[in-house]
Amino acid sequence: MSTSQQPDPRDRPARLSVGVVGAGRVGPALAASLQLAGHRPVAVSGVSDASRRRAERMLPDVPMVPPAEVLARAELVLLTVPDDVLPGLVEGLAETGAVKPGQLLVHTSGRYGARVLDPALRAGALPLALHPAMTFTGTPVDVQRLAGCSFGVTAPEELRLAAEALVIEMGGEPEWIAEERRPLYHAALALGANHLVTLVAQSMELLREAGVAAPDRMLGPLLGAALDNALRSGDAALTGPVARGDAGTVAAHVSELRRHAPQTVAGYLAMARATADRALAHGLLKPELAEDLLGVLADGTGGTDGTDGSNGTNGAEGDAR
C-alpha cells in the first residue's frame, strides 16, 4: 500500500497519543520529551526489571502493557529496541494485525532507514526513522540533552515534514539522511562517540595505575579542549608525539602499555597509525621523521633490544611528556 493513499498526518489532531515499545534508555526519554510538547504518553512495554523501573521513573502513571496493546492505544508509536531486534519486531507486529492504518510508526535505530518498516507500511502505517545523535543514561537528564540534539531523519518524501516536525517538538535539529547512507552515518557516530568512551575509560584506568588520584579531573579540561579544537579545526588540531614524529616517546608508550595494560596496546597502535597517516596527509608530520615513527608502529614492540625502544634509554627515562 502506498503512503499516498494513507491519511495525511497534517489532518491529525495537533496532539497525539504516544506509545513506547522497548523501555530502554531512549524510548522513555523521547516520550517524556513529546509529553513536554503536549502529546500524551498512553502505554509502554518493557521486559526487564530495569526497563520497568526506568519507565516508572520517566513516565509515571503510564501503564506497562504488551507491545500489541501499545499499538492498540497509540497514534504515534516509538519502536526503541536494539537494531538486531527491530526487523523481527516489525514483521511480527504487522503479521499479527497489531499495526493500524494511518498510525505513525517511528523507530530510533541509527543503522536502518524507513525501509525496515516496510511490513508495517504494507499494513497501512506511516513509517519514520528518527535517530537521536546522543548518548543516553536512562535518567531525566536525557530529556534536557535533547535540546539542540541532531536527529538523523529518514522517511518517505511525503512524510518528511511530519518527521521533521516531531524532531523539532522534541527540541532537536532534523538532519536528512538518505536511506542508503544510514549505515555509513551510524558508523561515523559509533566511531566518534562509542569508541571515545572506551578510550577515555582506558585512559582513566592508566592514570590510576600511574598514581593519579582523580583522573576524571585531570582529563576533563584536556579532553574538553581537545574536542573543541577538533570540532573547530579538524586535523589541524592534531598534537602530541605521533603528530610531532617523536618515535622514541611512542616506543616508550608501547613498552609501558605492554608492561602494565597489554589489552590496550592494539588500540593504541591502531589509533597512532591512523593519527600518523592523517598528520602526514595534512603536512603536520615531517616525512623525515615519519619513517622511524611508522617503523615503531609497524613493529609494535616498543623496542627489540630489551630496552623500552626510546633511543636506547631505560624505562626510568622513557616516561611520556
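All values reported here derive from a predicted model rather than from experimental measurement.
Both M170 and V106 belong to a single network of hydrophobic side chains, linked directly or stepwise wherever heavy atoms of I, L, V, M, F, W or Y lie under 4.5 Å apart. F151 is connected to L16 through a chain of hydrophobic side-chain contacts under 4.5 Å among Ile, Leu, Val, Met, Phe, Trp and Tyr, so both are in one cluster. Cluster annotation: L159 is not connected to I177 through the hydrophobic network of ILVMFWY side chains, with a link wherever side-chain heavy atoms come within less than 4.5 Å. In terms of hydrophobic clustering, with Ile, Leu, Val, Met, Phe, Trp and Tyr side chains grouped at heavy-atom distances under 4.5 Å, M58 and V20 are assigned to a common cluster. Clustering ILVMFWY residues whenever any of their side-chain heavy atoms sit less than 4.5 angstrom apart, transitively, puts V296 in the very cluster that holds L285.
Within a 6.0 Å sphere centred on CD of E288, heavy atoms belonging to other residues, nucleotides or ligands number more than 12. For R57, the CZ atom counts as densely surrounded, since its 6.0 Å shell holds more than 12 non-hydrogen atoms of other residues, nucleotides or ligands.
No side-chain heavy atom of S109 sits under 4.5 Å from any side-chain heavy atom of V116. Between V18 and Q35, the closest side-chain pair of non-hydrogen atoms is not below 4.5 Å. Between E173 and V167, every side-chain heavy-atom pair lies at or beyond the 4.5 Å cut-off. Put simply, the side chain of L161 reaches to within 4.5 Å of the side chain of E164, judged on heavy atoms.
Formation of a donor-acceptor pair under 3.5 Å by the H282 side chain with backbone atoms of R278 is found in this model. Not one N or O on the side chain of E169 forms a donor-acceptor pair closer than 3.5 Å with the backbone of L34. A distance-only check finds a donor-acceptor pair linking the side chain of T275 to the backbone of M271 [under 3.5 Å].
In terms of heavy atoms, L284 sits closest to A236 at CD1-CA, 4.3 Å. The two residues P174 and I168 come nearest to each other via the heavy atoms CD-CG1, 4.0 Å. Between V254 and Y268 the shortest heavy-atom distance is CG2-CE2, 3.9 Å. A pairwise comparison of heavy atoms in V250 and P241 identifies CG2-CB, 4.1 Å as the closest pair. The minimum heavy-atom distance between A74 and G19, with the atom names listed, is CB-N, 3.3 Å. Contact record, S17 with V42: CB-CG1, 3.8 Å, taken as the closest heavy-atom pair.
Sequence neighbours left out, not one pair with a member in residues 202-231 passes ring-ring contact (aromatic ring centres under 6.0 Å, His included). Identified under the salt bridge (charged side-chain N to carboxylate O under 4.0 Å, His left out) test for residues 207-220, with sequence neighbours left out: none. Sorted by first and then second residue, the salt bridge (charged side-chain N to carboxylate O under 4.0 Å, His left out) pairs with a member in residues 178-189 form an empty list; sequence neighbours excluded.
Between atom CG of residue L207 and atom CE of residue M204 there is a gap of 9.0 Å, rounded to the nearest 0.5 Å. Of the inter-residue distances, the one linking R73 atom CZ with K100 atom NZ reads 11.0 Å to the nearest 0.5 angstrom. For the atom pair CZ (R54) and CG (L59), the distance works out to 11.0 Å, reported to the nearest 0.5 Å. The structure places OG1 of T154 at 9.5 Å from CZ of R160, a figure rounded to the nearest 0.5 Å. Here the NE2 atom belonging to H253 is positioned 11.5 Å from the OG1 atom belonging to T264, to the nearest 0.5 angstrom. One finds the CG atom of D277 at 11.0 Å from the CG atom of D235 (value rounded to the nearest 0.5 Å).
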Residues 85-96 side chain polar contacts: donor-acceptor under 3.5 Å, at least two apart:
from	atom 1	to	atom 2	distance (Å)
T96	OG1	G92	O	2.9
T96	OG1	L93	O	3.2

For residues 221-229, which side-chain donor-acceptor pairs fall under 3.5 Å, sequence neighbours excluded?
from	atom 1	to	atom 2	distance (Å)
D228	OD1	R232	NE	3.1
D228	OD2	R232	NE	2.8
N229	ND2	A225	O	3.3

Can you give each donor-acceptor pair under 3.5 Å made by side-chain atoms of residues 125-150, sequence neighbours left out, with the distance rounded to 0.1 Å?
from	atom 1	to	atom 2	distance (Å)
H131	ND1	Y185	OH	2.7
T137	OG1	T139	N	3.3
T137	OG1	T139	OG1	2.6
T137	OG1	D142	OD1	3.0
T137	OG1	D142	OD2	3.4
D142	OD1	T137	N	2.9
D142	OD2	T137	N	3.1
D142	OD2	G138	N	2.7
D142	OD2	T139	N	3.3

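Just one residue in the list E75, H39, R40 forms a side-chain contact (heavy atoms from CB on, under 4.5 Å) with R15, and that residue is H39. Results of the side-chain contact (heavy atoms from CB on, under 4.5 Å) test with V70 over L79, V21, L78 single out V21 as the only residue that passes.
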Exercise for review: Would you sort out whether D84 and R111 count as a side chain to side chain contact (heavy atoms under 4.5 Å, CB included), showing the intermediate values?
Suggested key: CA-CA 10 Å; D84 289 349; R111 170 185 172 187; 3.2 Å; yes

